[in-house]
Every structure is written in C-alpha cells, then in structure tokens.
Amino acid sequence: MSFTVAIVGRPNVGKSTLFNRLVGKKLALVDDTPGVTRDRRPGDARLMGLTFTIIDTAGLEEADAESLQGRMRAQTEAAIDEADLSLFVVDAKSGLTPVDTDLAEMLRRRGKPVVLVANKSEARGSDSGFYDAYTLGLGEPTPISAEHGQGMLDLRDAIVAAIGEDRAYPAKEDVAVTDVDIPQTEGDDSDADEEPAYDETKPLRVAIVGRPNAGKSTLINRFLGEDRLLTGPEAGITRDSISVEWDWRGRTIKMFDTAGMRRKARVIEKLEKLSVADALRAIRFAETVVIVFDATIPFEKQDLQIVDLVLREGRAAVLAFNKWDMIEDRQAVLADLREKTDRLLPQARGIRAVPISGQTGWGLDKLMQSIIDTDRVWNKRISTARLNRWLETQQIQHPPPAVSGRRIKLKYMTQVKARPPAFMISCTRSDALPESYTRYLINGLRADFDMPSVPIRIHFRSPDNPFEGKKRRT
C-alpha cells in the first residue's frame, strides 16, 4: 500500500461505517450505540482506483488517562501518529460540538494532512451542520454518506489533493524477467502418494479465544512487545476481532484478538451478540486456535464449551493457562490441570496445554512452539499404503463386530483431506458400524501416527450394489 489513513472523530459520527465502505466488507462492528469501536483496526481500502491502508479508531473524548475512555483515546492518538493522513469525520446531521473543536485543534498541532469529512450529508437539515464545519479551520469539508456510498468520488479527490499525486499513485516499477527454473517432466519418477513435508515458512493464522477477562489482549500485547490492543481490569473490553501481524523466528504470524465469549444465556445485548459472532468468524478463518484459560479459575463450563466449539469447527487447538504468575503451589496446580485436561476433554486426547503469563511473558516461547507443532499435525498427510497396512493390523487386533451374524469388512482406507485430517474407509454395511469402533480407529490413528490434539474425522462408504433395484427372476 502507498500510504496510511486514520479515520478519527467523536463517537457515533459514522467512522466504522465509512471504514466498512472503504474496505468493501463489514469488518468493523456498527451499531447506534456510541463508543462501539475501542481498538484501532487496520484494513486494505480501495476508493475509485486509489489503494491505501485505512485505520478505524475509537471515538475521541476528553477523559482521564487511566479510565477506559482515556486508554481508548491513547489508542486513537497512536493511530494518528502512525498514519500519513487523517480523515476527520463530523456529523453534518447533528452539527458540531465542543468536542469537534477540541479534536480539530489537536489534529492541527500534529502538523499532518487532514481531510474534513461531513458525514450523513444526505439527511434532511444537514446543510447547517455542513457549513458549520468551515469554522473548524481545516479547509473545505467533503460531504458524504458513508451508509449509502454518496460522495465517494469527492472524497477520493480530497485525499489525492491532501496526500499528493506522487504518494497517491506511485509509479509501478518495471519487473525484469529473469531465468526461471522449469521442472523437468520426463519420465514419472515422482511418487504420487508421497507424504508432503510441512512448510515452515508459510504464514500462520492464529485466533486467541476464551472467556471475558482471561487475558487475551494482554497476551497479544506481550507477543508484540507494545500496547497495541486495549487492555484493563474491566471485563469485556474487546469487541471487534482485531488482527495483528508479527514475526516469530522468521515466520509471519497473523494473530486475531477476539471478544470474550460468555454463556449463551447471558448474551442478551445486541452489541455483545455481534461481538461473539465476530469471534466465531475469526475461529473459522484461523488455522490454529489458542483457548486462554484463567489458571486461577480453570475449567469453567464455558471453557469446555469453547474447546468443544473449536474442535467441532475442525481447528487445531492449544490450551493456554494464563495468569500463571498468580499461582503459588505450581507443581500441585500443574498436576491437577493435567488430570482435569485428560478427564474433561476426552475428545481432544493429547491436546497441548501450556502454563503462561501474559503479564510477565513467561512461557510464551513454549506456547508458540506448541502452536507450530499442533499446526504441523493439523496439516499432516499419511500415504495410502501406510494407512492400509495399519488398517489391516487394527482389524487383526480388534475385528469389527458382527451384525446379524455377518462380520463387517473394512476393505480400503485413504486420507481424503488435511486441515483437519479426514479419512475415508470403504466397508460393507457402513450404517451398521457402531460408534465405539470409530472411536477405536481414531484413537489408534492418534497413537500410531503421532496425531494428538487435532480433530480427526473418519467417513465410511459402502460400495454401490449393481443389483440393487433389479427384480429377482422367479
């Protein structure tokens, strides 16, 4: 991207609506309630042939630095300092307030380019608020409607004029054509059933989930080494699912911070429902999911339900017991956690569980290594030849049950997909195979092919009967 733009303004002027309009997706939560956005969220924006990075921010308010609103203001000011240009959004429908005047003065002191945007200009009676915006001393306001997409061409022209055409439309460099190694196709020396190696350089998407106030945002800040996400003692601070990127030992990690997920019966407010839905989307988008437990009160019913949800979605899961610095008798607590993990999570046998402290940074390297190891298992592929030899041994050790006096035969096995590992077994009367035998095969796969913690799926298929539906000769 050529430059970075921050959207700023007081609460409830339509900043997140404009952000969604520019990125072309409903990434940011939007609601009539003021103060929905709390963290700063980046996105890739496209506007009439113009491409840039856009940052959605919290509404700026005058507040004590230690309060939640004060910490939100600090996040917004950090976004302004990071950006090359600010879009100062005012509400043309309701008019200016003293907060708008204070924000205009703060942006002037920053000395960076500012585009004044008069949102909600399509509303009846918005003309007075539009003309009042001239009094801010930031130049001519650009009238738009972020909700309906009106005025986007004028906004593009205002951004280009403020940032300069050289920054707005950087010249594309000519790419020199170099020699390219073309793979040889003579003969057929490759093994089509070869187990592919794990790609250690591929970027990894990781979602951090858990109950409210478990320390998810603090954990990500410790990974980044800066106060990138809003944190505090209040439960439920995070609302949007914010993604951040960083490198760990040369590998790009894209990590998603999510809102705390309470029991469904307690989620009543519309805004919290939107936050939980956003967290669920982050789980589906991620590859590995870290479920953060509060080590002082672990294994609440909601913790177990979150783990079960992650596994049902087919994600690779890692448990992180946070706030380990608050535990006194660590050996006894660790032994108790291991026993409860095996007993309460039988569907995730062998799941990796790591004690950590997001506040001090203790155990974070071990957590990241567990994430990489779990992702390696999640991407694992096993050759068909090895699977069929294994299947034959399993049937010798524990034959399938006989149903109505006839033994079920497992004929052939192959892996149909990875991420998570899924297998297909061709057998007779697949509908009569009991669930207990499926669990026996899954546990055998975990033990014999070193596949702990990830969900394993087995599908059974019976061959078609060519004589089905035909009349018997009398």
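Keep in mind that what you see is a predicted model, and the values were worked out from it rather than measured.
- The closest donor-acceptor contact from the side chain of Gln302 to the backbone of Met261 lies under 3.5 Å.
- Counting heavy-atom neighbours within 6.0 Å of Arg461 CZ, excluding the residue itself, gives a total of 12 or less.
- There is a side-chain donor-acceptor pair under 3.5 Å between Ser145 and Glu122.
- Counting only N and O atoms by type, the side chains of Thr360 and Asp325 include no donor and acceptor under 3.5 Å apart.
- Among the candidates Lys26, Arg284, Arg41, the single residue satisfying the salt bridge (Lys or Arg N to Asp or Glu O under 4.0 Å) test with Asp278 is Arg41.
- Contact record, Gly139 with Leu116: O-CD2, 4.0 Å, taken as the closest heavy-atom pair.
- With contacts defined as side-chain heavy-atom distances shorter than 4.5 Å, the pair Leu445/Leu387 qualifies.
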Verdict with reasoning, Trp378 to Tyr198, per side chain to side chain contact (heavy atoms under 4.5 Å, CB included): CA-CA 10 Å; Trp378 195 62; Tyr198 178 70; over 6 Å; no
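- Side chains of Ile372 and Arg249 form no contact here, defined as non-hydrogen atoms less than 4.5 Å apart.
- Side-chain N or O atoms of Asp91 include none that pairs as donor or acceptor with a backbone N or O of Ala118 at under 3.5 Å.
- Ion pairing between Arg419 and Glu287 holds under the 4.0 Å rule for side-chain N and carboxylate O.
- Checked by atom type and distance alone, the side chain of Arg446 pairs as donor or acceptor with a backbone atom of Val454 at under 3.5 Å.
- Within 6.0 Å of the NZ atom in Lys323, the count of heavy atoms belonging to other residues, nucleotides or ligands exceeds 12.
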Criterion side chain to side chain contact (heavy atoms under 4.5 Å, CB included) on Gln359 and Thr218, from CA distance to verdict: CA-CA 7 Å; Gln359 193 70 35; Thr218 303; 3.8 Å; yes
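- Residues Arg156 and Val160 meet the side-chain proximity criterion, which asks for heavy atoms closer than 4.5 Å.
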side-chain hydrogen bond (donor to acceptor under 3.5 Å, both in side chains) between Arg40 and Gln75, worked out: CA-CA 7 Å; Arg40 61 186 194 267; Gln75 288 284 324; 2.7 Å; yes
Derivation and outcome, side chain to side chain contact (heavy atoms under 4.5 Å, CB included), residues Leu345 and Leu304: CA-CA 8 Å; Leu345 296 172; Leu304 302 178; 3.9 Å; yes
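- In this structure a side-chain-to-backbone donor-acceptor pair under 3.5 Å is missing from Asp39 to Leu229.
- Atom CG in Leu96 sits 5.0 Å away from atom CG in Leu136 (nearest 0.5 Å).
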Side chain to side chain contact (heavy atoms under 4.5 Å, CB included) between Ile159 and Leu87, worked out: CA-CA 9 Å; Ile159 292 176; Leu87 296 182; 4.1 Å; yes
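- Asp375 pairs with exactly one of Lys202, Arg251, Arg205 by the salt bridge (Lys or Arg N to Asp or Glu O under 4.0 Å) rule, that one being Arg251.
- A donor and an acceptor atom, one from each side chain of Gln369 and Asp365, are nowhere located under 3.5 Å apart.
- Between Arg376 and Glu200 there is a salt bridge, since a side-chain N of the basic residue sits under 4.0 Å from a carboxylate O of the acidic one.
- Relative ring orientation between Tyr131 and Tyr134 is described as parallel, the plane-to-plane angle staying below 30° on a 0-90° scale split at 30° and 60°.
- Using a 4.5 Å heavy-atom threshold, the side chains of Asp373 and Arg352 count as touching.
- Between Pro42 and Ile54, every side-chain heavy-atom pair lies at or beyond the 4.5 Å cut-off.
- Of all heavy-atom pairs between Pro420 and Pro455, the closest is CB-O, 3.3 Å.
- Results of the side chain to side chain donor-acceptor pair (under 3.5 Å) test with Ser217 over Thr231, Asp257, Thr258 single out Asp257 as the only residue that passes.
- Using a cutoff of 4.0 Å between basic side-chain nitrogens and carboxylate oxygens, Lys15 and Asp56 are not scored as salt-bridged.
- A distance of 8.5 Å separates CZ of Arg10 from CZ of Phe88, quoted to the nearest 0.5 Å.
- A donor-acceptor pair under 3.5 Å is absent between the side-chain atoms of Thr252 and the main chain of Pro203, judged by distance alone.
- Using modelled atom types, no side-chain atom of Arg349 and backbone atom of Pro452 make a donor-acceptor pair closer than 3.5 Å.
- Note that CD1 of Ile55 is 11.0 Å distant from CG of Leu85, once rounded to the nearest 0.5 Å.
- Between the side chain of Asp100 and the main chain of Thr97, a donor-acceptor pair closer than 3.5 Å is present.
- Side-chain atoms of Arg228 and Asn221 include no donor-acceptor pair closer than 3.5 Å.
- Side chains of Arg381 and Gln415: a donor-acceptor N/O pair is absent below 3.5 angstrom, by distance only.
- Here the side chains of Asp44 and Val23 are not in contact, with every heavy-atom distance at 4.5 Å or above.
- At distances below 3.5 Å, at least one donor-acceptor pair connects side-chain atoms of Asn322 with backbone N or O atoms of Gly358.
- If you take CE on Met368 and CD1 on Ile356, they are separated by 11.5 Å, rounding to the nearest 0.5 Å.
- Note on residues 101-114: pairs passing side-chain hydrogen bond (donor to acceptor under 3.5 Å, both in side chains), not counting sequence neighbours, are Asp81-Arg110, Glu105-Arg108.
- Heavy-atom neighbours of Lys366 NZ from other residues, nucleotides or ligands within 6.0 Å: at or below the threshold of 12.
- By the 4.5 Å heavy-atom criterion applied to side chains, Ile208 and Met255 are counted as neighbours.
- We find the CZ-CG distance between Phe52 and Leu47 to be 5.5 Å, quoted to the nearest 0.5 Å.
- A cation-pi geometry, defined here as NZ or CZ lying under 6.0 Å from the six-membered ring centre and within 45° of its normal, does not hold between Arg222 and Trp246.
- In this structure, NZ in Lys340 is found 11.0 Å from CZ in Phe293, a value given to the nearest 0.5 Å.
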Asp294 vs Arg211, salt bridge (charged side-chain N to carboxylate O under 4.0 Å, His left out): CA-CA, chis, key distance, verdict: CA-CA 8 Å; Asp294 187 337; Arg211 290 186 290 114; 5.3 Å; no
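- Side-chain atoms of Trp324 never come within 3.5 Å of backbone atoms of Gly363 as a donor-acceptor pair (strictly under, hydrogens ignored).
- Counting only heavy atoms from C-beta outward, the side chains of Val416 and Phe423 never approach each other to under 4.5 Å.
- Sorted by first and then second residue, the ring pair (Phe, Tyr, Trp, His ring centres under 6.0 Å) pairs involving residues 136-167 (not counting sequence neighbours) form an empty list.
- Listed here is the closest heavy atom pair of Ala353 and Phe321: CB-CE1, 3.5 Å.
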